[in-house]
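Before any comments, here is the structure.
Worth saying up front: this structure is predicted, and the values here are computed from it rather than measured. Within every chain, numbering begins at 1; the chains are lettered A, B, ... in the order of the sequence lines, protein sequences first and strands thereafter.
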2 protein chains.
Amino acid sequence: MAEQSDEHTRERILDQAERLFAVKGFEAVSIREITRAAASNLAAVNYYFGNKKNLYLEVFRQRWMIRTRLVRQSFAEKLAGNPNPSIPEILHAMARAFLDGPLSDEQRRQHALLMQREMARPGDALKLVVEEVMRPYHEELITLLRPNLPRHVDEERLRLCVLSILGMTLYFTFARPAVSIVMGRQYDACFKSQLIQHVQTFATDGLNGLVAENRKQ
Amino acid sequence: MAEQSDEHTRERILDQAERLFAVKGFEAVSIREITRAAASNLAAVNYYFGNKKNLYLEVFRQRWMIRTRLVRQSFAEKLAGNPNPSIPEILHAMARAFLDGPLSDEQRRQHALLMQREMARPGDALKLVVEEVMRPYHEELITLLRPNLPRHVDEERLRLCVLSILGMTLYFTFARPAVSIVMGRQYDACFKSQLIQHVQTFATDGLNGLVAENRKQ
DNA sequence: GTCTATAGCAGGATAGAC
DNA sequence: GTCTATCCTGCTATAGAC
C-alpha cells in the first residue's frame with residue numbers, strides 16, 4: 001500500500017489519512033482503515049497524533065498547506081519575468097496552476113476535495129484554510145489584477161469576480177465525476193488544456209465587463 | 001423538534017434526514033440522531049425505509065428532486081411572458097431562482113450541499129442528480145441561450161460556459177461560510193441581491209466574449 | 001404502526017508487553 | 001516505537017410485544 005515503506009510511520013499515516021479523508025470525509029474513514037493503508041499498527045495514530053480529530057488537523061497543517069504553497073509557487077513562476085502581466089496572462093497562470101500544476105491528478109483532486117469539505121461544513125480547519133490560504137491568495141490575485149483595472153473600480157465587485165473565478169476553477173476540480181458525465185469527456189490532457197483555456201477566456205471577459213462598466217460611470 | 005407533529009412519521013423522518021444528511025454527510029449522521037430529531041422511534045427508519053442507505057436515496061427521490069422542480073419552476077416563471085429573453089434576462093432569472101428562489105435560506109443551503117456532496121463523491125444518487133436534473137437543466141439553459149448566440153458558436157465552449165455559471169452559483173450557495181469570511185459580509189437580502197447582480201453581469205460578459213470570439217473567425 | 005429490547009458488530013481509545 | 005489485547009461506547013438492524 002505505502003509507496004515508500006522506508007518512510008517514517010508518521011509520514012505514511014499522514015499520506016494515507018490525507019488520501020482517505022479527502023475521498024471519503026472525516027467520519028467515513030476509520031483509524032483502522034488508515035493504519036491498514038499505511039501498513040502500520042492500529043495504535044500508531046493515537047501514539048503519534050493523540051486522536052483521530054487531531055490527525056485530521058495535522059493533515060491540513062502538514063500536507064494541505066504544503067500543497068497549497070506548491071500551487072502558489074507554480075503560479076508565481078509562471079508569471080516570473082513578467083513585471084506587468086495582463087489579465088489573460090494572470091488568469092491563464094492561475095488556471096494552469098490549479099488545473100494542471102505541480103500536483104498529480106490525484107493529489108489535485110484530493111486537495112480540492114479537502115478544501116471543499118471544509119468550506120461546506122465549517123470545522124476547526126476552516127479558519128486555517130481561509131486565513132492562511134484563501135485570503136492571501138485572494139489578495140495576491142487582486143494585487144496582480146489591479147494595475148490592469150481602472151483606478152476606481154468597485155472593490156466589492158472585484159472581490160466577487162475573484163471569488164467567482166476561484167469558485168468555478170475549484171468546481172471543475174472537485175466535481176470531476178459530474179463534469180465528466182455532463183461533458184461526455186475524460187479528464188485527459190486535452191480536456192484539461194481546454195478547461196484552462198476556457199477559464200482564462202471566460203474570466204477575462206467577465207473582468208473586462210467590470211472595466212467597461214466602470215468607464216460608463 | 002419537528003415543526004409539524006401531526007405530519008406523518010415517515011415525512012418527519014424524511015425532513016430531518018434531509019437536513020442532517022445535507023449538513024453532516026451520510027456517514028456522520030446516525031439513525032438515532034435522525035429519529036430523535038424527527039421525534040419518532042429508533043426502529044422507524046428500518047420500518048419505513050428498510051435501511052439507512054435507502055433512506056438516503058429516498059431523500060433524493062422524494063425531497064431533493066421536488067425542490068429542484070420548484071427551483072426550475074420559479075426560473076421558468078421569471079421568464080414567462082417573454083418569448084425571446086435576452087442573455088442578461090436569462091442569467092438574472094437563473095441566478096435569482098438559485099440564490100433567492102422559492103426555497104428558504106436553509107433549504108437552499110441544504111439543497112446545494114446535498115448536490116455538492118454527491119458530485120464530490122459519486123454515490124448511488126449521482127446518476128439521479130446528473131441525469132434527472134443537471135443534464136435537463138443544462139439543455140434548457142442552452143436552448144434558451146442559443147437564439148442569442150451566433151449560429152456556429154462552439155458547442156463545447158458553450159457547455160463549458162454553462163457549467164461555469166452553474167458552478168459559481170453553486171459555490172456561492174454551498175461555500176457560504178467561507179464566502180462570508182472572505183467578503184466580510186452576512187448572507188442578508190442586500191448581499192444576496194448583490195450576488196445575483198454579480199452572477200448576471202459576470203456571466204453575461206463571459207458569454208458575450210463567446211459571441212465576439214465567434215465573430216472574429 | 002409504534003415501541004422496547006437486544007443481538008451483533010465496528011469504532012476510538014488505552015494499557016502494558018516487548 | 002511498535003505491537004497485541006481489550007475496554008467501552010455507539011452504531012445498524014431485527015425480533016417480537018403491544
Side-chain angles (χ1 to χ4, degrees), chain A residues 1-63 114 117-118 121 123-125, chain B residues 1-63 114 117-118 121 123-125:
Chain A
M1 272 291 181
E3 290 85 327
Q4 303 197 22
S5 291
D6 54 343
E7 210 183 356
H8 196 284
T9 303
R10 190 191 147 92
E11 300 303 307
R12 290 202 318 274
I13 289 176
L14 277 172
D15 289 340
Q16 296 302 318
E18 180 186 22
R19 184 175 64 83
L20 290 165
F21 283 147
V23 175
K24 302 186 164 189
F26 181 76
E27 288 89 352
V29 184
S30 65
I31 290 184
R32 289 171 149 83
E33 191 177 2
I34 294 168
T35 50
R36 214 182 309 128
S40 77
N41 189 272
L42 169 61
V45 162
N46 291 76
Y47 177 76
Y48 284 107
F49 304 96
N51 57 41
K52 186 185 171 186
K53 193 171 177 179
N54 208 46
L55 167 59
Y56 183 74
L57 281 171
E58 285 301 303
V59 163
F60 272 89
R61 283 195 276 258
Q62 298 188 26
R63 285 285 183 279
L114 274 175
R117 279 186 202 287
E118 273 306 308
R121 182 143 101 106
D124 296 333
Chain B
M1 271 292 180
E3 290 85 329
Q4 304 197 24
S5 290
D6 55 342
E7 211 184 355
H8 195 283
T9 302
R10 189 190 148 93
E11 300 304 306
R12 289 202 320 272
I13 289 176
L14 277 172
D15 288 339
Q16 296 302 318
E18 180 186 23
R19 184 176 63 82
L20 290 165
F21 283 146
V23 175
K24 303 186 164 190
F26 181 76
E27 288 89 351
V29 184
S30 65
I31 290 184
R32 289 170 146 80
E33 193 177 358
I34 293 168
T35 49
R36 214 180 312 128
S40 77
N41 189 270
L42 170 61
V45 162
N46 291 76
Y47 176 76
Y48 284 106
F49 304 96
N51 58 40
K52 186 184 169 186
K53 193 170 177 180
N54 207 48
L55 167 58
Y56 183 74
L57 281 171
E58 285 301 304
V59 164
F60 272 90
R61 283 194 277 256
Q62 299 189 25
R63 285 287 182 277
L114 274 175
R117 278 186 202 287
E118 272 308 307
R121 182 142 103 104
D124 295 333

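Of all heavy-atom pairs spanning Thr35(B) and Asn41(B), the tightest one is CG2-O, 3.2 Å. Arg10(A) and Tyr48(A) get closest at one heavy-atom pair: NH1-O, 3.7 Å. Smallest separation of non-hydrogen atoms from Asp124(A) and Lys53(A): OD2-CE, 3.0 Å.
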Would you check, one step at a time, whether the test side-chain contact (heavy atoms from CB on, under 4.5 Å) holds for Phe60(A) with Glu118(A)?
CA-CA 10 Å; Phe60(A) 272 89; Glu118(A) 273 306 308; 3.4 Å; yes
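Per the geometry, CG belonging to Asn46(B) stands 17 Å off P belonging to dA7(C), to the nearest Å. Between the CG atom of Asn54(A) and the P atom of dT14(C) there is a distance of 12 Å, rounded to whole Å. Separating the CG atom of Asn51(A) from the C1' atom of dG12(C) is a distance of 9 Å, rounded to the nearest angstrom. Taking atom CD1 of residue Ile34(B) and atom P of nucleotide dA13(D), one finds them 11 Å apart after rounding to whole Å. Between Phe49(B) atom CZ and dA13(D) atom P there is a gap of 13 Å when expressed in whole angstrom units.
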Scan nucleotides 1-4 of chain C against the protein and return all N/O pairs shorter than 3.5 Å with their distances rounded to 0.1 Å.
from, atom 1, to, atom 2, distance (Å)
dT2(C), OP1, Thr9(B), OG1, 3.2
dT2(C), OP2, Tyr48(B), OH, 2.3
dT4(C), OP2, Asn41(B), ND2, 3.3

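Shown are Arg63(B), Gln62(B), Gln16(B); of these, the side-chain hydrogen bond (donor to acceptor under 3.5 Å, both in side chains) with Glu11(B) is made only by Arg63(B). If you run side chain to side chain contact (heavy atoms under 4.5 Å, CB included) between Val59(A) and each of Asp15(A), Leu14(A), Leu20(A), only Leu14(A) comes through.
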Could you list the donor-acceptor pairs under 3.5 angstrom formed by side chains in residues 21-31 of chain A, with sequence neighbours left out?
from, atom 1, to, atom 2, distance (Å)
Lys24(A), NZ, Glu33(A), OE2, 2.6
Glu27(A), OE2, Arg121(A), NH2, 2.8
Ser30(A), OG, Glu33(A), N, 3.1

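Proximity of a side-chain donor or acceptor of Arg12(A) to a complementary backbone N or O of Ala39(A) within less than 3.5 Å is detected.
Taking a 4.0 Å limit (strictly below) on heavy-atom distances, residues 23-33 of chain A reaches DNA chain C at Val29(A), Ser30(A), Ile31(A), Arg32(A).
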